[in-house]
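Below you'll find the structure, written out as structure tokens, and then a few comments.
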Amino acid sequence: MTKVLSMAFVIFIQIYWYKITKKTDPEWELLWEKIGKRFRKTLFELEGLLIKVGQILSIRADLLPSAFISQIQDLTDKVPPSEWEEIKIILEAEWGGSIEHHFLSIEKEAIASASIGEVYKGVLKDGTEVAIKVQRPNISSIVQTDFRTLGIIIWFAHYLIPLPKGFINLIVLFKELKQVIERELDFAKERNTLLYFKDRYKDNEAVKIPDVYTELSTSKVLVMEWVRGIRLTDEQALDQLNLSRQELAGRLIEVFLPQWLEPGMFHADPHPGNVLVSTEGKIILLDFGMTGEISKRDATNFEALIESILSKNYPKSVDYLTQLGFLQPGADSRTIENLLAELMSFHPAQLKEMDLIALKLEMNDMLQALPIQVPTRFVFLGRSFITIEGTIRNLVPEKELIHLVKPIFLDWLNKQGNKKWSFIWYWIQSQPLFKVMHSATEFLKAPQKFEQIKETEQRRHFQFTIYENYKKQLFQLTLLGLIGVATGIYTSHSLIMQLSAGISFVSSVGYFVFSIKLKKWLKYMHEKRR
């Protein structure tokens, strides 16, 4: 607690100082990079649950600065295994008897060790090899201590630190962390999830889900079938398969595409250690501790959102974005409508005459400017998609992807009988614009520029007001000069007349100059101001 709190308060002081001294954007970038490095170093020193916290934060690029995210995005959840005697005590307490009553043997060295659980290899009485996932000793008290510490930090940051609270909702972020980690702590939930996926793929010969031994599984212990497989990053082993890289990539798409588009659960952490391939070419799915769920309502709203965008019904699009939980409560619906209209206003023929790199950067800036906060369920969906996308890109060339996905997607459509999705798919294929759009990763880097845009808008209004005041003052000075000229003529006082004429001429020139400037600035102003 001392290490974490001291780190947090040093960071708070730095943020306060940078805010007070009005540091530049590049200086803020360097600060967040330093904060990220210190945060990463502290996580590795303390190990355990905080690494899991870092992993979850690393996928919330919609909430945190990119310079900070870049320092923690490759955190590996590996910690030293516990002493066997401690693990043995947990196993015997959970099973209500000695290990020998159920097992011929258990290897005392952990096969894998992470912040929440450790995996051991065992042999049942009938000779069956199994994987035993055991909760780390005292993990519940460690979690409570870490959450108490994080709660203190979040409270201070939310109420006392000058962060853009309308954008970075730290309270919501903290609730998300608790929800995800507490779910992973209950192995009974993981067991139920595993059984759900096993039932989902029971008729699919191309997928292998390990069996689970429910009679030996508890909230702290999960006993599963021992499954041997090849990592999708093992080039030499993949070459030995009677399966081409294209066929393997196709099977991955067939497995994950329905998870992303249909209501139900999806695997949220399909990294190379959790997705293997058997020697027969079956896709093996492991570790269901981190999953997400697409509700029927979300699936319907998401489909309707895309349809409303394609039909250019932007008010409806904003409604669906709100229902899905993407828009911040204070978001200006008219602004979002205008941005969506601008996004969809490009004509494919124009792309031939445009700088595609400049267009891509402009599109990124526009999308990052949206006042959104990606809900956790969609962050995990994005994580799942990005991970599998990266795996597939390593298996087949990028130019083959569209030809690989198309027949699988159309086959899925035929099974679903969903004509709307078919329309959406053919429309997207016809739009060259989508070939230069940013990736899902950049989308999840969401609107870190929103606060800057608000500040820019305030500066514009301030500058507009200054020009407006100058124009009024110069108009008054011109009138005063003309009165002076009339007075000079009436009194036959040449000095008053000449001086007034000079003032009137200079102020009238100034008046026209600021009139032109105001006209130029009007394009930046809100319609009401115009």
Side-chain angles (χ1 to χ4, degrees), residues 47-53 55 77-147 178-199 208-229 265 267-269 271 273-276 284-291:
E47 298 176 340
L49 181 68
L50 288 176
I51 292 182
K52 179 67 69 178
V53 171
Q55 284 183 316
D77 191 10
K78 291 181 180 178
V79 297
S82 307
E83 294 292 331
W84 167 248
E85 290 303 318
E86 293 180 302
I87 296 297
K88 184 179 178 182
I89 291 170
I90 294 173
L91 291 176
E92 291 182 341
E94 291 298 304
W95 291 334
S98 67
I99 290 175
E100 289 74 18
H101 182 71
H102 303 284
F103 287 82
L104 286 177
S105 64
I106 295 179
E107 294 181 9
K108 296 181 180 180
E109 292 292 326
I111 302 299
S113 179
S115 57
I116 290 176
E118 303 176 20
V119 180
Y120 293 82
K121 185 177 181 181
V123 181
L124 294 172
K125 286 286 188 179
D126 61 2
T128 305
E129 292 182 333
V130 294
I132 307 163
K133 186 174 180 181
V134 189
Q135 205 171 91
R136 291 182 73 87
N138 305 314
I139 188 64
S140 295
S141 61
I142 292 170
V143 166
Q144 293 307 315
T145 302
D146 286 339
F147 277 145
K178 286 195 71 173
Q179 179 185 347
V180 172
I181 291 172
E182 284 174 353
R183 180 181 175 83
E184 284 200 61
L185 275 171
D186 188 351
F187 287 1
K189 290 182 178 177
E190 184 175 348
R191 177 199 63 205
N192 294 337
T193 304
L194 194 155
L195 291 171
Y196 165 85
F197 276 95
K198 192 156 186 69
D199 181 67
K208 172 65 179 175
I209 309 290
D211 291 326
V212 59
Y213 295 84
T214 54
E215 70 279 5
L216 294 173
S217 299
T218 68
S219 61
K220 294 184 179 180
V221 178
L222 184 60
V223 181
M224 300 162 286
E225 174 188 1
W226 183 268
V227 182
R228 290 179 175 83
M265 289 187 182
H267 198 306
D269 194 21
H271 63 72
N274 290 340
V275 181
L276 310 176
I284 302 169
L285 300 183
L286 304 173
D287 193 353
F288 296 93
M290 187 178 288
T291 56

*Side chains of R228 and I284: does their closest heavy-atom pair fall under 4.5 Å?*
no

*asked:* So V212 and K198, do their side chains get closer than 4.5 Å, heavy atoms only?
replied: no

*Which atoms form the tightest heavy-atom contact between F103 and K125, and what is the distance?*
O-CE, 4.2 Å

_Heavy-atom donor-acceptor pair, T128 side chain to L124 backbone, under 3.5 Å_ = no

*Is N192 close to E190 at the side-chain level, that is, under 4.5 Å between some pair of heavy atoms?*
no

*asked:* For E182 and F147: C-alpha separation, side-chain torsions, deciding distance, then whether side chain to side chain contact (heavy atoms under 4.5 Å, CB included) applies.
replied: CA-CA 11 Å; E182 284 174 353; F147 277 145; 4.2 Å; yes

*Quick one: does Q135's side chain have a donor or acceptor within less than 3.5 Å of a partner on L185's backbone?*
yes

*Ignoring hydrogens and geometry, is there a side-chain-to-backbone donor-acceptor pair from N274 to D269 under 3.5 Å?*
yes

*asked:* I'd like to check I87 versus I89 (side-chain heavy atoms, cut-off strictly below 4.5 Å). Are they in contact?
replied: no

*Is there side-chain contact between I111 and W226, with heavy atoms separated by less than 4.5 Å?*
yes

*So which heavy atom on L194 is nearest to which on P210, and how close?*
CD2-O, 3.1 Å

*Which distance, rounded to the nearest 0.5 Å, do you find between the CD1 of I116 and the NZ of K133?*
8.0 Å

*asked:* Could you check whether any side-chain heavy atom of T218 comes within less than 4.5 Å of a side-chain heavy atom of V221, counting everything from C-beta outward?
replied: yes

*Would K108 and E85 satisfy salt bridge (Lys or Arg N to Asp or Glu O under 4.0 Å), going step by step from the backbone distance to the final call?*
CA-CA 9 Å; K108 296 181 180 180; E85 290 303 318; 5.6 Å; no

*side chain to side chain donor-acceptor pair (under 3.5 Å) partners of residues 96-105, not counting sequence neighbours, each pair once*: none

*Assess whether side chain to side chain contact (heavy atoms under 4.5 Å, CB included) is satisfied between T193 and R183, documenting all intermediate values.*
CA-CA 11 Å; T193 304; R183 180 181 175 83; 3.3 Å; yes

*Has the side chain of W95 got a donor or acceptor atom that lies under 3.5 Å from a matching backbone atom of L216?*
yes

*Minimum side-chain heavy-atom gap M224-D211 below 4.5 Å*: no

*Could you tell me which non-hydrogen atom of L286 sits nearest to which non-hydrogen atom of G273, and how far apart they are?*
CD1-O, 4.1 Å

*asked:* Could you tell me if K220 sits above the aromatic ring of F187, with its cationic atom closer than 6.0 Å to the ring centre and no more than 45 degrees from the axis?
replied: no

_Heavy-atom pair of closest approach, residues P137 and E86_ = CG-CB, 3.7 Å

_Once ring pair (Phe, Tyr, Trp, His ring centres under 6.0 Å) is applied, do any residues pair with F288, and if so which ones, sequence neighbours excluded?_
F197, H267

*Distance from L195 atom CG to I209 atom CD1, nearest 0.5 Å?*
10.5 Å

*Inter-residue atom distance N138.CG - T145.OG1, 0.5 Å rounding*: 10.0 Å

*Would you say the side chain of R136 lies within less than 4.5 Å of the side chain of S113, judging by non-hydrogen atoms?*
yes

*Could you give me the CA-CA distance, side-chain angles and deciding distance for Y120 and E118, then say whether side-chain hydrogen bond (donor to acceptor under 3.5 Å, both in side chains) is met?*
CA-CA 7 Å; Y120 293 82; E118 303 176 20; 2.7 Å; yes

*Any chance you could lay out the salt bridge (Lys or Arg N to Asp or Glu O under 4.0 Å) test for E225 and K208, step after step, and finish with the verdict?*
CA-CA 11 Å; E225 174 188 1; K208 172 65 179 175; 3.1 Å; yes

*Given V227 and L276, is the side chain to side chain contact (heavy atoms under 4.5 Å, CB included) satisfied, shown in steps?*
CA-CA 10 Å; V227 182; L276 310 176; over 6 Å; no

*asked:* Looking at E215, I want to see if its CD is surrounded by more than 12 non-hydrogen atoms of other residues, nucleotides or ligands under 6.0 Å.
replied: yes

